[in-house]
Amino acid sequence: MAVIAHRVARYLHTKLPAGTSSEPFADQADIAGYALEVVKTLQQAGIIDGVEAQRFAPSETVSRAQAATIIAAAKLPWFFQSHSFFGKGKRFQKNH
C-alpha cells in the first residue's frame with residue numbers, strides 16, 4: 001500500500017510534506033527491500049506511523065480505514081472523486 005500510494009503521488013506530481021527525523025519501525029527488517037525507502041519517506045512525511053508498539057506490520061492486510069488515511073494524507077484527491085465508500089451512487093465528500 002505504501003509503495004502504491006507513493007508511486008501514485010509521484011505520478012500526479014503531488015508534493016509530500018517535508019521530512020522529519022523518525023525512529024525506525026521495530027519490525028523494519030520485515031519490510032521488503034524495494035519498499036524500505038518509500039516506507040521511511042512516508043513515515044518522515046507524517047503519512048504513515050505504523051501500528052501499536054512502533055511496528056509497520058508489512059505482512060498484515062491494510063484495512064479500509066488505514067488505506068483511506070494514507071490516501072487522504074498523501075493528498076490524492078483523484079481517489080476521493082472516483083471511488084465510492086458508502087455504497088452505490090454515494091460518493092465520499094471531502095470538506096474544503
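Owing to the predicted nature of the structure, the values given are computational and were not obtained by experimental measurement.
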Measuring from Thr61:OG1 to Met1:CE, what's the distance to the nearest 0.5 Å? 13.0 Å
Can you check side chain to side chain contact (heavy atoms under 4.5 Å, CB included) on Val51 and Phe56, steps first, answer last? CA-CA 6 Å; Val51 295; Phe56 182 67; over 6 Å; no
Taking the side chain as everything from C-beta on, heavy atoms only, tell me whether Gln54 gets closer than 4.5 Å to Phe25. yes
Heavy-atom neighbours of Asp30 CG exceed 12 at 6.0 Å: yes
With Pro58, which of Leu36, Ile31, Val39 fulfils side chain to side chain contact (heavy atoms under 4.5 Å, CB included)? Ile31
Calculate, to the nearest 0.5 Å, the distance between atoms CD1 and NZ belonging to Ile48 and Lys40 respectively. 12.5 Å
Residue pair Ala2 / Val38: nearest heavy atoms and the distance that separates them: O-CG1, 3.5 Å
Kindly say whether Thr41 contributes a backbone atom to a donor-acceptor pair with the side chain of Gln44 at under 3.5 angstrom? no
Between Val3 and Ala35 the two heavy atoms that sit nearest each other are CG2-CB, 3.5 Å
Check this for me: Arg55, atom CZ, are more than 12 non-hydrogen atoms of other residues, nucleotides or ligands nearer than 6.0 Å? yes
Would you say the side-chain atoms of Gln43 pair up with the backbone N or O of Glu23, donor to acceptor, closer than 3.5 Å? yes
